[in-house]
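Here the structure is laid out as structure tokens; the discussion comes afterwards.
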Amino acid sequence: MYTELKLFIDGKWLNGEGRKGEDVVNPATGKVLGHLPHASKADLDEALAAANKAFPLWKATSAYDRGKILRKAADLLRERAEKVATAQTMEQGKSFAESRMEVLTSADIIDWYAEEGRRSYGRIVPGRMKGIRQLVTQEPVGVVAAFTPWNFPTLTPVRKIAGALAAGCTLIIKASEETPAGCVELVKCFADAGLPAGVLNLVFGVPADVSEHLIPSDIVKKISFTGSIPVGKHLAALAARGMKKATMELGGHSPVVVFDDADPEKAADTIAAFKYRNAGQVCISPTRFYVQEKGYSKFVARFTEYAKGIKLGDGLDKGTTMGPLANPRRLDAMESFVNDAKARGGKIQAGGSRHGNQGFFFEPTVITDVPDDSKIMTEEPFGPVAPIVPFKTFDEVVQRANSLPYGLAAYAFTSSGAQAMAIGDAIQSGMVGVNSVMISTPETPFGGIKESGYGSEGGIEGLQAYMNTKFISQG
Ligand code: NAD
């Protein structure tokens, strides 16, 4: 049932023969699912040469024809959704329903870029002198090196692949070694849709070895990374040494502000469901909950009730609403957050411990009475732990929400139009959901500010990220 894991270089699928590699583990059982080959240095050089050779051809292919191949890949992904979602749940842990939704959304993203690639318009600027025509055009940047993490095995790679290919770039992607099947299946769809050899290459390996080989290469002109802030800073520095364009989609610590004029129970239902999606291992997951005093106890009661009603289990089992954490590192991290909170007077309203004796399960957890300088209120949890604290005034909550170095996502609930506008403006964040958690769609920009990174994926910004602006003055 699980995918056969291979590298894809210059249009050829390569297996483990003679290569180093690693086992991929099912986080629900701890059992080995398959063996993943690592690309050797020679493989990486071959991928670089292939992407470089394919670039002029792919750039010269019309956006209309590129779009046809992309749309075919999207159709294949939809046809294969059950199989891809099953493999993804086995390696990552999320429930099958979430996995299937991720795969279908990935197909939508490809379709959207297939169309948007045809609209990379330039403009004509009136000249200062008679007989001068001033053209502003957009050109693909060239070969892209992309790096993706383990929490969305299909969705995160697809944003980079579809944006780059639609723009006319070629690509080498290093997907997560812990959850490789989602990206292997995705790349298969592009290959089977007729993508020319070398346009898209998939490699795996020791992450630092691969990035430190690819990023400094003269062939690579653009870097795109999704992952943690420390790794993002390291890769951004490597890119800067070659003055290369980079998109950095890093971690966050998303504040949620619930004002007195919102219905606290309705807000709790909406945001708790969003919080425990993918066991909280989502960069835009709501992670710090500030509730104005009047609605505080009702919000906490309803949120806690939701957390206690979650059915933990293998993502492939019917009825499971939350799967395991993706790896044992997250389990250790959750214990450390909970222990620190308890030591500082935090009260555990739900969960707080590991669950079962196989796999990497952690209970949906709610903590109250934690100080603002506790670990859970200052470090990205990336797991199913929700701290809820009260606040008094607008200015106070804005100051607390903006006090961290992160700025990826934020959420607010209010019934006042004026307050909705004021909080949307006041929060320092790349994305703000006011009475809405719909902040990630194919057609809207997705990205952070402050230490959460720079650049956007999604929307027209996600296409422009793979293009250079050129000015031509023509006499
Ligand atoms: P980590 O920092 O070791 O790795 C994060 C990701 O970066 C992984 O996918 C890893 O394979 C990759 N990576 C690590 N070193 C790399 C390198 N030198 N070159 C290229 N890629 C490299 O942490 P982790 O234990 O995997 O995850 C923990 C933290 O990472 C989380 O708490 C969260 O903050 C962050 N994270 C963020 C996202 C996101 O969507 N923004 C996704 C996964 C993890």
Side-chain angles (χ1 to χ4, degrees), residues 22 24-25 27 36 38-39 44 91-94 102 145-160 172-180 182-183 203-217 220 223-239 246-254 277-285 287 325-337 360 362 375-376 378-385 404-409 430-431 439-440 446-458:
E22 67 188 278
V24 178
V25 169
L36 177 72
H38 282 186
L44 296 179
E91 64 183 9
Q92 203 275 340
K94 68 183 66 168
E102 176 178 343
F147 305 88
T148 55
W150 41 263
N151 53 339
F152 287 93
T154 312
L155 189 84
T156 310
V158 90
R159 281 201 178 119
K160 299 179 195 305
I172 304 167
I173 184 161
K174 187 204 81 60
S176 166
E177 288 71 24
E178 293 176 308
T179 58
C183 196
V203 298
F204 297 99
V206 175
D209 293 353
V210 178
S211 55
E212 278 160 34
H213 193 80
L214 295 182
I215 297 175
S217 163
V220 169
I223 320 301
S224 181
F225 172 74
T226 299
S228 65
I229 291 172
V231 175
K233 285 181 177 173
H234 174 60
L235 300 194
L238 280 181
T247 298
M248 291 285 152
E249 202 273 278
L250 310 176
H253 200 336
S254 311
R277 196 172 62 112
N278 199 7
Q281 302 162 114
V282 183
C283 53
I284 57 165
S285 185
T287 44
L325 297 178
N327 55 58
R329 299 188 299 286
R330 299 311 321 138
L331 272 185
D332 296 342
M334 292 315 111
E335 287 193 325
S336 154
F337 285 119
F360 315 135
F362 198 87
K375 206 167 143 77
I376 189 67
T378 51
E379 287 177 30
E380 180 179 31
F382 226 68
V385 179
L404 299 184
Y406 313 99
L408 187 60
M431 295 165 281
I439 61 166
S440 171
F446 184 95
I449 58 168
K450 296 163 84 175
E451 293 200 6
S452 293
Y454 41 73
S456 291
E457 308 200 280

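Whatever order the structure lists them in is the order used to number ligands and atoms, beginning at 1.
Residues R159 and S440 bring a donor and an acceptor atom of their side chains to less than 3.5 Å of each other. Side-chain contact, K375 with S336: a donor N or O sits under 3.5 Å from an acceptor N or O.
With a 4.0 Å heavy-atom cut-off, ligand 1 is reached by no atom of Q281. If you look at L250 next to ligand 1, the close heavy atoms, those under 4.0 Å, all belong to the backbone. Heavy atoms of F152 found under 4.0 angstrom from ligand 1: none, in either backbone or side chain.
Polar contact with ligand 1: present for R329 (N/O pair, distance under 3.5 Å). In terms of polar-atom proximity, E212 is not counted as a contact of ligand 1, lacking any N or O under 3.5 Å from an N or O of the ligand.
Between I229 and M248 there is no side-chain heavy-atom pair separated by less than 4.5 Å. Using a 4.5 Å heavy-atom threshold, the side chains of F152 and K94 count as touching. Put simply, the side chain of F204 does not reach to within 4.5 Å of the side chain of E22, judged on heavy atoms.
Each of the atoms 17 (C), 18 (N) of ligand 1 lies under 4.0 Å from some heavy atom of A208. Annotation for ligand 1: atoms under 4.0 Å from non-hydrogen atoms of T226 are 39 (C), 40 (O), 41 (N). Near E249, meaning under 4.0 Å from one of its heavy atoms, ligand 1 places the atoms 41 (N). Listed by number with element, the atoms of ligand 1 under 4.0 Å from a non-hydrogen atom of F225 are 7 (O), 21 (N). Each of the atoms 28 (C), 32 (O) of ligand 1 lies under 4.0 Å from some heavy atom of R330. Atoms of ligand 1 lying under 4.0 Å from any heavy atom of C283, numbered from 1 in the order shown and given with element: 39 (C), 40 (O), 41 (N).
Distance check: Q92 CD to E102 CD gives 7.5 Å after rounding to the nearest 0.5 Å. Separating the NZ atom in K174 from the CG atom in D209 is a distance of 10.5 Å, to the nearest 0.5 Å. Of the inter-residue distances, the one linking M431 atom CE with S456 atom OG reads 8.0 Å to the nearest 0.5 angstrom. Rounding to the nearest 0.5 Å gives a distance of 9.5 Å between CG of N327 and CG of D332. Here CZ of R277 is found 5.5 Å from CD1 of I284. Values are rounded to the nearest 0.5 Å.
Annotation: atom 43 (C) of ligand 1 to nearest protein heavy atom, P149 CB, 3.4 Å. The shortest contact between atom 1 (P) of ligand 1 and any protein heavy atom is with S228 OG, 3.8 Å. In terms of protein heavy atoms, atom 20 (C) of ligand 1 is closest to S211 OG, 3.6 Å. The nearest heavy-atom contact from the protein to atom 33 (C) of ligand 1 is E380 OE1, 3.3 Å. The single protein non-hydrogen atom nearest to atom 21 (N) of ligand 1 is P207 CB, 3.7 Å, given as residue, atom name and distance. If you check which protein heavy atom lies closest to atom 16 (C) of ligand 1, you get V231 CG1, 3.4 Å. Among all protein heavy atoms, the one lying closest to atom 27 (O) of ligand 1 is W150 CZ2, 3.6 Å.
Checked for salt-bridge contact, E178 and R329 meet the test: a charged N lies under 4.0 Å from a carboxylate O.
In this structure, atom 18 (N) of ligand 1 is in close contact with the protein, since a protein heavy atom lies within 4.0 Å of it. Remark: atom 10 (C) of ligand 1 lies closer than 4.0 Å to no protein heavy atom.
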Checking side-chain contact (heavy atoms from CB on, under 4.5 Å) for the pair F446/C283: CA distance, chi angles, key distance, verdict? CA-CA 11 Å; F446 184 95; C283 53; 4.0 Å; yes

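Taking the six-membered ring for Trp and thresholds of 30 and 60 degrees, F147 and F225 have ring planes inclined between 30 and 60 degrees apart.
The nearest non-hydrogen atom to atom 38 (C) of ligand 1, considering only F382, Y406, F147, comes from F382.
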